[in-house]
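It should be emphasised that the depicted structure is a prediction, and the values quoted were computed from it without experimental measurement. Letters A, B, ... are given to chains in the order of the sequence lines, protein chains preceding strands, and every chain is numbered from 1.
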Amino acid sequence: ISIKPFSKESDLDASNQGKDILEINLAAGLDLFEGDILLPENR
Amino acid sequence: NGLRDPTTRWKFPIPYILADNLGLNAKGVILYAFEMFRLKSCVDFKPYEGEDTYIIFQEFDGCWSMVGDQHTGQNLSIGSGCDYKAIVEHELLHALGFYHEQSRSDRDDYVNIWWDEVIPGYEHNFVTYNDSYITDLNTPYDYESLMHYAPFSFNKNESVPTVTAKIPAFDDIIGQRLDFSTIDLERLNRMYNCTATHTLLDQCTFEKQNICGMIQGTRDDADWIHERGDGPGKEDHTLVGRCKEAGYFMYFNTSYGQTEEAALLESRILYPKRKQQCLQFYYKMTGSPLDRLVVWVKRDDSTGNVRKLVKIQTFQGDNEYGWKIGHVTLREEVKFRYLFQGTKGDPQNSAGGIFLDDITLTETPCPRGVWMVRNFSHLLQTTVKGDMVFSPRFYSSEGYGYGVTLYPHGRNGTSRSGYVGLAFQLYSGENDAILEWPVENRQAIMTIVDNDPDAKKRMSSSMVFTTSKDHISPDINYSNIWDRPSIVGKYEQSCNCFRGISWGWSAIISHVQLQKRNFIKDDTLVIFVDFEDITHLNQTEVPVTSTRKSSSGLILQSQGLQTSQEDSHTATLEGQPSNLQRQTRSVENTGPLEDHNWPQYFRDPCEPNPCQNEGICVNVKGMASCRCASGHAFFYTGERCQAMQVHGSILGMMIGGVAGTIVLSIVIISMMSQRRS
């Protein structure tokens with residue numbers, strides 16, 4: 001194994017680094033039951 | 001924390017639709033999550049075929065689901081940023097009838113809810129349910145559940161949690177999003193009465209004396225020995241010498257006897273459902289470099305006897321004496337055994353032998369890229385944030401060269417500390433001239449492997465993304481980063497090749513998490529990397545055949561969901577190739593068997609049973625064949641046992657009886673009328 005020291009960070013990060021469900025939903029402006037549950041009308 | 005109401009439980013397989021508003025990556029991740037359910041439970045999914053009840057996966061805002069079977073077409077949203085294995089699994093567990101873990105009626109015994117820290121107006125998200133409505137399925141509170149809130153849920157101060165565990169050791173476990181916990185699976189399997197999984201065929205740690213039903217070959221020269229690892233250098237792989245009176249493996253001593261002497265270890269007879277299997281095992285060869293470990297298969301010779309031998313793969317000894325992971329692809333369609341043959345290469349120059357441990361046989365594809373990062377603790381000590389290590393080059397089934405970059409302390413630029421980062425990149429390779437560039441619509445799956453010996457308990461961290469024409473970089477003049485590495489990449493001396501720009505995650509898993517499970521065993525971190533074409537998932541729509549009842553009833557307080565596509569009268573079928581599918585060039589003509597997205601024909605054609613009237617379905621070379629029920633008086637016929645017929649003798653007797661009765665009646669009537677006259 002050869003370790004490469006950091007030089008220039010030209011590599012790209014994927015989106016949503018480690019965001020959890022509730023963070024994603026709150027950021028989307030959703031206010032679902034318990035954060036991610038869609039209730040039927042009779043509930 | 002599952003719904004008590006049995007009417008909310010699904011019948012398997014669950015019909016599903018992948019709507020075309022989903023991104024390509026989301027579709028691939030959903031199919032990958034299905035495979036996790038199939039590996040670890042009896043839950044199964046099938047493409048929608050006009051059923052009344054089904055799940056339609058759509059891309060709305062956010063990640064959400066309804067709870068339980070609503071007996072209609074119900075939406076499950078995999079919105080932007082939700083296309084991760086664990087998130088899809090979480091939403092599917094809702095759909096299967098589970099609420100969040102911390103809403104159990106007894107949760108206050110286990111966690112503290114810091115009400116003052118909850119965003120005002122969001123307190124209703126911390127309700128508990130009465131045990132007349134939900135059941136814990138006789139399982140303890142599970143801090144490790146995939147269904148547990150993370151500590152910082154609905155918090156008003158960024159650094160102050162709203163949920164903490166009463167046992168502080170679990171504070172950094174609650175809210176894990178690796179995979180199902182052991183108790184998640186116990187509940188799921190209890191709720192749905194699962195007795196077996198769909199794709200786990202066999203596994204063995206050799207901890208028990210029966211060695212999982214394996215048998216010693218009878219025509220060989222020697223035997224494999226069931227041994228316990230005592231002392232340095234002789235630790236097993238299951239427990240790595242951590243436990244007394246435990247830690248067994250199979251051992252073939254190659255340091256005495258004659259060259260070419262062999263020992264054979266045969267598995268029990270196994271019955272495959274799919275057409276491809278992956279045999280994974282750990283082995284260690286400490287004897288001569290000429291020693292050999294050969295994997296064979298004995299399959300049904302079409303007379304019912306498992307005796308037809310086929311050699312599959314040979315592993316040669318070398319001078320590296322650590323545990324190694326082995327993968328062998330099998331393509332068995334009828335009953336078979338797998339065999340390990342140890343052969344002595346040079347007993348005079350051997351001071352050891354061949355070790356074998358932790359075997360897992362699954363009906364899933366083997367990983368194409370396997371990287372064992374040895375001396376990982378040393379690597380952690382000698383690197384700082386931003387330092388990186390490149391994997392060797394692997395080749396995809398199409399022939400693309402690829403690899404990963406490991407950042408032991410994460411990438412520069414991330415605010416998180418104490419995390420490992422992982423990124424994917426293309427390497428130039430021997431096939432580049434004939435391949436298509438830029439390489440789009442290929443799904444990369446990077447997995448940091450949890451090496452639990454029980455495949456059902458593995459909680460590996462998987463990151464998935466799909467290459468796209470939108471992935472561009474200013475460093476290469478806003479060209480696509482998935483173009484040919486010799487054009488857009490930089491020369492890399494360690495592989496004597498070009499390395500493209502990488503794409504990945506600055507912080508994929510914490511060092512604390514890495515130490516908690518079996519991620520690091522024998523001081524080795526194992527990473528799987530796959531890179532497969534999923535273009536065929538681009539357009540796979542079929543119409544919904546019946547009028548869909550709306551699964552509306554959104555309870556929203558601040559913003560409506562975008563439901564413009566909810567009434568889409570189209571449905572998506574897994575694995576149905578589109579006419580618009582791009583023609584791709586490939587080095588290996590491996591076909592769809594290499595795909596991660598198991599096509600329809602991989603599934604058991606007998607599930608669900610197509611035979612009517614209690615007919616028994618038999619899988620004959622991947623085709624369903626019905627064996628119809630037969631009674632004393634009648635029997636069923638037809639391709640699906642749909643037609644009832646009466647036995648000839650019974651029919652004769654019935655006709656004879658009826659005719660006799662009629663004749664007798666006529667005679668009696670005529671006699672009586674003669675008497676009257």
Structural part of Tyr149(B) lying under 4.5 Å from a heavy atom of chain A: side chain
For the student: nearest non-hydrogen atoms of Gly62(B) and Ser77(B), plus distance: O-OG, 2.7 Å
Contact origin within His94(B) toward chain A - heavy atom pairs under 4.5 Å: side chain
Minimum-distance pair of heavy atoms, taken over all atoms of Gly23(B) and Glu59(B): N-OE1, 3.3 Å
Contact summary for Pro151(B) and Ile174(B), nearest pair of heavy atoms: CD-O, 3.5 Å
Closest approach of Ala95(B) to Leu76(B) (non-hydrogen atoms, all atoms of both residues): CB-CD1, 4.1 Å
Largest heavy-atom contact set with chain A, pairs under 4.5 Å, which of Glu91(B), Arg177(B), His100(B): His100(B)
